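Scroll down for the structure; my scribbles are underneath it.
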Amino acid sequence: MGTILLATDGSEYAREAATEAIELATAGGHDLHVICVVDERKFGEPALSSGELATIYAEDHADVSVREVMQMADASDVTVDGDTRRGTPHEVILEYADEVDATLVVVGEQGDHDEHFSGVGRTVDELSEREVRVVKASSTE
């Protein structure tokens, strides 16, 4: 048994990665952890100004994205733990992978991110000693 870490941003690509991560966890009897990172380079700390509403929205979106994966896994026998964090996405993903001792990190090919998840996934893959799987979209435009 091992641990799979899924990095999500709630995008269509991340949902495809979630489906694959859930299937892998189910087939292998692995635990599944899911994380969504609010990019602190783009979103500052929330405050009481209208300019910070985007940050509050991003944090809410991160929570929803993690809950969505947990709901997707309800039909399986996979144990899922979810978390949202603030920081630089690839750094937080790598730190979290260390915390949960992930044997595999799964990310979507692209995402709702200035540096599409393929860039984040590529960076995670380059910097990690763990196996990283970047899930490509099953359909094209």
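Keep in mind the model is a prediction, meaning the values are calculated, not measured.
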Worksheet item: What about Val100 and Leu127, same hydrophobic cluster or not, with Ile/Leu/Val/Met/Phe/Trp/Tyr joined at side-chain heavy-atom distances under 4.5 Å?
Response: yes

Fill in: Approximate separation, where rounding is to 0.5 Å, of Thr88 OG1 and Leu94 CG
11.0 Å

Worksheet item: Of the non-hydrogen atoms in Thr8 and Ala14, which two are nearest, and what is the gap between them?
Response: OG1-CB, 3.3 Å

Worksheet entry | Pairwise distance CZ(Arg133) to CD(Glu20) - rounded to 0.5 angstrom | 5.0 Å

Practice prompt. Evaluate the side chain to side chain contact (heavy atoms under 4.5 Å, CB included) criterion for residues Val120 and Val107: first the C-alpha distance (whole Å), next the side-chain angles of each, then the deciding distance (0.1 Å), finally the verdict.
Written response: CA-CA 8 Å; Val120 173; Val107 298; 5.6 Å; no

Response to the item:
Closest heavy-atom pair, Asp81 versus Tyr96, reported as atoms and distance to 0.1 Å, is O-OH, 4.5 Å

Worksheet entry | Leu104 CG to Ser128 OG distance, which is reported to the nearest 0.5 Å | 10.0 Å

Worksheet entry | Residue pair His33 / Asp83, side-chain heavy-atom distance below 4.5 Å | no

Fill in: Spacing of CD belonging to Glu23 relative to CG belonging to Leu32, to within rounding of 0.5 Å
12.0 Å

Item to complete: Drop me the distance from Leu6's CG to Ile22's CD1, to the nearest 0.5 angstrom.
Response: 7.5 Å

Worksheet entry | Derivation and outcome, side chain to side chain contact (heavy atoms under 4.5 Å, CB included), residues Met70 and Val66 | CA-CA 6 Å; Met70 295 174 96; Val66 169; 4.0 Å; yes

Worksheet item: Rounded to the nearest 0.5 Å, how far does NE2 of His90 lie from CG of Asp39?
Response: 10.0 Å

Discussion item. If the threshold is 4.0 Å, N to carboxylate O, is there a salt bridge linking Arg86 and Glu59?
Written reply: yes

Item to complete: Would you sort out whether Asp101 and Arg130 count as a side chain to side chain contact (heavy atoms under 4.5 Å, CB included), showing the intermediate values?
Response: CA-CA 9 Å; Asp101 195 24; Arg130 301 172 190 284; 3.4 Å; yes

Worksheet item: Step by step, would you call His30 with Val78 a side chain to side chain contact (heavy atoms under 4.5 Å, CB included)?
Response: CA-CA 7 Å; His30 304 294; Val78 176; over 6 Å; no

Discussion item. To check you understand the geometry: which heavy-atom pair defines the closest contact between Glu16 and Lys136, and what is its length?
Written reply: OE1-O, 3.8 Å

Item to complete: Please report the shortest heavy-atom distance between Val37 and Gly87, naming the atom on each side.
Response: CG1-O, 3.6 Å

Item to complete: Please report the C-alpha distance between Asp63 and Thr84 in whole Å, then the side-chain angles of each, then the deciding distance to 0.1 Å, and finally whether the side-chain hydrogen bond (donor to acceptor under 3.5 Å, both in side chains) criterion is met.
Response: CA-CA 6 Å; Asp63 288 334; Thr84 61; 3.3 Å; yes

Item to complete: Search all heavy atoms of Val69 against all heavy atoms of Ala18 and return the closest pair with its distance.
Response: CG2-CB, 4.0 Å

Worksheet item: Where is the tightest heavy-atom contact between Val132 and Gly121, given as atom of each residue plus distance?
Response: CG1-O, 4.1 Å

Worksheet item: Around atom CG of Asp74, are there more than 12 heavy atoms of other residues, nucleotides or ligands at under 6.0 Å?
Response: yes

Worksheet item: Do NZ/NE/NH1/NH2 and the carboxylate oxygens of Arg85 and Glu95 come within less than 4.0 Å?
Response: no

